[in-house]
Amino acid sequence: MTVNPILNSDSYKLSHWVQYPPGTDGMYSYVAARGGTASHVLFFGLQALLKDYLSQRITPAHIDEAEALAALHGLPFNRAGFERIVKKHHGYWPVRIRAVAEGELIPTGVPMLTIESTDPELFWVVSFLETALLRVWYPISVATRSFRAKEIIRRYLQQTADDLSGLPFKLHDFGARGVSSYESSEIGGLAHLVNFMGSDTLAALVAARRHYHEPCAAFSIPAAEHSTITAWGRPQEGEAFGNMLTHFAKPGALLAVVSDSYDVFHAVSELWGERLRQQVIDSGATVVIRPDSGEPVQVVAEVVERLAASFGTTLNGKGYRVLNHVRVIQGDGVNLASIDAILSRLAKLGYSADNVAFGMGAELLQKLDRDTHKMALKCSAIRIGGQWRDVFKDPVTDPGKRSLGGRVVAARDSRGAWGVNTLERVSDADLQMRVVWENGKLLLDEDFATIRARAAAHLEH
């Protein structure tokens, strides 16, 4: 999709260039999470955003289109300013962007990225780019939710499993159909893959290749949906299951079969547990049974118990039971609380977390917004006549919206604790932000594996 870069902003910003104090020749802003549902957020997605938004050059045609629309819209238009961007800066926004490393876990209140102007006559572009840049809230929020899920699952695996080898595939992205656009499925799906390696969101794989040099960021398996089962008719549900085994069940293979089209408990005990039991065992495959309705904690527990009765279990090194030949994936009603509750119930029943995986859709990619972590971009300094001045807001009606003043940056002290400093005071050793973009050039182009490793390291602490 081609977007006019000038129109990738809010309407009222078209009038802002004349609203600043006389003599203003520089501006500095930052992005941070102000609070919300977590004390830390996982920073991710800026590199993709820069490649999508800031790498596109402004052209005279863009200026003409934007000016005509602004006139109809009832707003002034700074044609001279945009023409200066085209003529002096080759169509690229004259800004410098610093950022913490993607994959870092950042405390709320600490700047994750900063943006400053590099042309004294075009200082206002910093605020003009707020609309586009602040969309980084979305991949940050998805990556954070996915990371929290990983923390929960990892805790139960540590308690009930012999090792953590299955962790990367314990939460599968089912969210592509539940988001508002293809672009959301791209960047949201990719944000999840910072933490896991299972996904059915093909758009995320495309984004990983395009933005982060990752040939294949995730994996999936053959899986049934309700239409491929119900098309056979209720009396032939067993034949539908058997057809899946015929086509996909091979030694070492995994396949998933939704089994709640009519009566999940009948399907588990009578069809899988009796009629197809020997075929499953003889195939050498692992069949993943998917219940998809009902109260998740109760249903998963009962399905696991019924499968254990039919296929048997093996006791692992920590004394928990692991199903033979079969597993379960729960993809309905999955959120952080239900993941915790399901794994807790299974542990109490003596079953390892190795027995179950999860699929998360709208809860992963859609049921969050900018206020989930209270993400904001705020101006913190302006330069007037060559002298920097602190800028901040401090509303008496909401102290939580007080913003930082000065050319603030993320820093760490000698103990490794995160905090806020300013460019004038921070040492090179303490500064945790790198210049990633300047005047149309991407200066740091990281691969996805590096970011994944950085995020994974936070689980060790």
For the side chain of [X] and the backbone of [Y], is there at least one donor-acceptor N/O pair under 3.5 Å apart?
X	Y	value
Arg209	Pro215	yes
His89	Pro94	no
Asn316	Thr160	yes

Pair [X] + [Y], salt bridge at N-O below 4.0 Å:
X	Y	value
Glu438	Lys441	no
Lys88	Glu121	no
Arg454	Glu102	no
Arg321	Asp354	no

Take Phe44 and Tyr212, measure what ring-ring contact (aromatic ring centres under 6.0 Å, His included) needs, and give me the verdict at the end.
-> CA-CA 11 Å; Phe44 176 73; Tyr212 291 93; 5.2 Å; yes

His172: ring pair (Phe, Tyr, Trp, His ring centres under 6.0 Å) partners, not counting sequence neighbours = Phe174

Trp137: what forms a ring pair (Phe, Tyr, Trp, His ring centres under 6.0 Å) with it, not counting sequence neighbours?
-> none

Using the ring of each side chain (for Trp, its six-membered ring), is Phe219 parallel, tilted or perpendicular to Phe169, with breaks at 30° and 60°?
->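 Tilted: the ring planes of Phe219 and Phe169 meet at 30° to 60°.
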
What donor-acceptor contacts under 3.5 angstrom involve side-chain atoms of residues 361-369, with partners at least two apart or in another chain?
residue: Asp369; atom: OD1; partner: Asp371; partner atom: N; Å: 2.9
residue: Asp369; atom: OD1; partner: Thr372; partner atom: N; Å: 3.2

Using the side-chain contact (heavy atoms from CB on, under 4.5 Å) rule, pick out the option among Val420, Val409, Val31 that qualifies with Pro111.
->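 Among Val420, Val409, Val31, the one that satisfies the side-chain contact (heavy atoms from CB on, under 4.5 Å) with Pro111 is Val420.
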
Which atoms form the tightest heavy-atom contact between Asn195 and Ala191, and what is the distance?
->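 Minimum heavy-atom contact is ND2-O, 4.0 Å.
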
If you draw the axis of the six-membered ring of Tyr28, does the NZ or CZ of Arg383 fall within 45° of it and under 6.0 Å from the ring centre?
->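 No, Arg383 and Tyr28 do not form such a contact.
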
